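Let me begin by presenting the structure, written as structure tokens, before commenting on it.
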Amino acid sequence: MITQSVLDFIDVLPQGGRLCGLDIGDKRIGVAYCDAMWTIATAADTLQRQRFMQDLNWFREQFQKQAIKGIVIGLPLNMDGTDSPQTQSIRAYARNLNKALNPEGAAAIMPILLWDERWSTAAVTRVMIDADLSRAKRAERVDKAAAAFILQGAIDALAAAC
């Protein structure tokens with residue numbers, strides 16, 4: 001199941017559970033996790049994108065190791081809320097991930113929430129600049145920090161809706 005609705009996402013996760021946040025870029029994927037009670041998101045990894053099946057194998061391993069129950073993927077909408085070519089690319093990646101993780105005809109094993117990520121990378125970069133991190137350190141950390149920013153926004157909305 002893929003949704004942009006917080007309420008639909010909660011319906012398939014009535015007992016909560018750990019979530020994974022993804023900031024999917026052209027070259028890297030930032031990864032973050034939150035606790036089972038949806039209180040705090042933590043930046044975890046930056047995955048260098050490869051072929052989809054290689055990414056998928058890495059995700060499956062991590063999702064099992066981290067006991068992940070759902071995925072939040074940052075959706076890069078235009079400032080007016082419309083889709084961009086990048087948005088379409090992320091929607092396609094989410095569909096492929098959903099198809100691979102959720103067998104057809106089965107209940108959603110790993111639901112996916114698409115979360116508006118406008119300004120996430122800019123906000124994280126601003127905090128890093130304010131913390132006086134070098135350009136190299138920012139480049140190394142920005143993707144996973146953006147994933148945590150996206151996931152935190154989603155879990156705040158999920159907690160408020162419960």
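Quick caveat, the model's predicted, so the values are computed rather than measured.
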- Test Ile29 against Asp143 for side-chain contact (heavy atoms from CB on, under 4.5 Å), laying out the working first. CA-CA 7 Å; Ile29 300 173; Asp143 298 303; over 6 Å; no
- Query: Is there a side-chain contact (heavy atoms from CB on, under 4.5 Å) between Leu151 and Trp115 once you walk through the steps?
  - Reply: CA-CA 8 Å; Leu151 182 55; Trp115 188 255; over 6 Å; no
- Judged by atom type as modelled, is there a donor-acceptor pair below 3.5 Å linking the side chain of Thr87 to the main-chain atoms of Pro76? yes
- Report yes if some heavy atom in the side chain of Ile109 is under 4.5 Å from a heavy atom in the side chain of Leu101; otherwise report no. no
- Taking every heavy atom of Ala32 against every heavy atom of Lys144, the minimum-distance pair comes out as CB-O, 4.3 Å
- Task: Indicate, with yes or no, if Phe59 and Phe52 share a hydrophobic cluster defined by side-chain heavy-atom contacts under 4.5 Å among Ile, Leu, Val, Met, Phe, Trp and Tyr.
- Result: yes
- Task: Hey, could you give me the CD1/OH distance between Ile24 and Tyr93, rounded to the nearest 0.5 Å?
- Result: 5.5 Å
- With sequence neighbours excluded, residues passing side chain to side chain contact (heavy atoms under 4.5 Å, CB included) with Asn98: Ile2, Asn102, Ile112
- Treating Ile, Leu, Val, Met, Phe, Trp and Tyr as nodes and any side-chain heavy-atom pair under 4.5 angstrom as an edge, say whether Met37 and Val72 lie in one connected cluster. no
- Atom CD1 in Ile10, atom OG in Ser5: separation rounded to 0.5 Å? 8.0 Å
- For residues 33-58, the salt bridge (charged side-chain N to carboxylate O under 4.0 Å, His left out) pairs (sequence neighbours left out) are none
- Leu22 versus Ile71: any side-chain heavy-atom pair under 4.5 Å? yes
- Pair Gln48-Arg28, side-chain donor/acceptor within less than 3.5 Å: no
- Trp38 side chain to Gly16 backbone, donor-acceptor under 3.5 Å: no
- Do Asp83 and Arg91 sit within salt-bridge range, that is, some charged N less than 4.0 Å from a carboxylate O? yes
- Message: Take a 6.0 Å sphere around CD of Gln88 and say whether it holds more than 12 heavy atoms from other residues, nucleotides or ligands.
- Response: yes
- Query: Any idea which heavy atoms bring Asp116 and Leu77 closest together, and the distance?
  - Reply: CG-CD1, 3.9 Å
- Message: Assess the residue pair Arg18 and Lys69 against the criterion (side-chain contact (heavy atoms from CB on, under 4.5 Å)); give the C-alpha distance rounded to whole Å, side-chain angles, the decisive distance to 0.1 Å, and a yes or no.
- Response: CA-CA 6 Å; Arg18 293 197 73 197; Lys69 302 297 183 197; 5.5 Å; no
Sequence neighbours excluded and cut-off under 3.5 Å, please list the side-chain donor-acceptor pairs for residues 155-162, or say none.
unit_1 : atom_1 : unit_2 : atom_2 : d
Asp156 : OD1    : Gln152 : NE2    : 2.8

- Message: Quick check: closest heavy atoms across Ala94 and Ile73, and the distance to 0.1 Å?
- Response: CB-CD1, 3.9 Å
- Message: What's the separation between atom CE in Met110 and atom CG in Leu19, rounded to the nearest 0.5 Å?
- Response: 9.5 Å
- Message: On a heavy-atom basis, which atom in Ser84 and which in Asn78 lie closest, and how many Å separate them?
- Response: CB-OD1, 3.3 Å
- Task: Measure the CD1-CG distance between Ile90 and Leu75 for me, rounded to the nearest 0.5 Å.
- Result: 7.5 Å
- Would a hydrophobic clustering, with Ile, Leu, Val, Met, Phe, Trp and Tyr connected at side-chain separations under 4.5 Å, put Tyr33 with Ile40? no
- Message: On a heavy-atom basis, which atom in Ala148 and which in Ala43 lie closest, and how many Å separate them?
- Response: CB-N, 3.7 Å
- Query: Do the non-hydrogen side-chain atoms of Leu47 and Trp58 ever get within less than 4.5 Å of each other?
  - Reply: yes
- Task: Taking the side chain as every heavy atom from C-beta outward, state whether Gln86 and Asp26 have any pair of such atoms under 4.5 Å apart.
- Result: yes
- Item | Taking every non-hydrogen atom, the tightest pair across Phe63 and Cys20 | CE2-SG, 3.7 Å
- Run the side-chain contact (heavy atoms from CB on, under 4.5 Å) check on Met1 and Val12 step by step: do they pass? CA-CA 9 Å; Met1 177 195 100; Val12 295; 3.8 Å; yes
- Query: Does a side-chain heavy-atom distance below 4.5 Å link Glu117 with Asp23?
  - Reply: yes
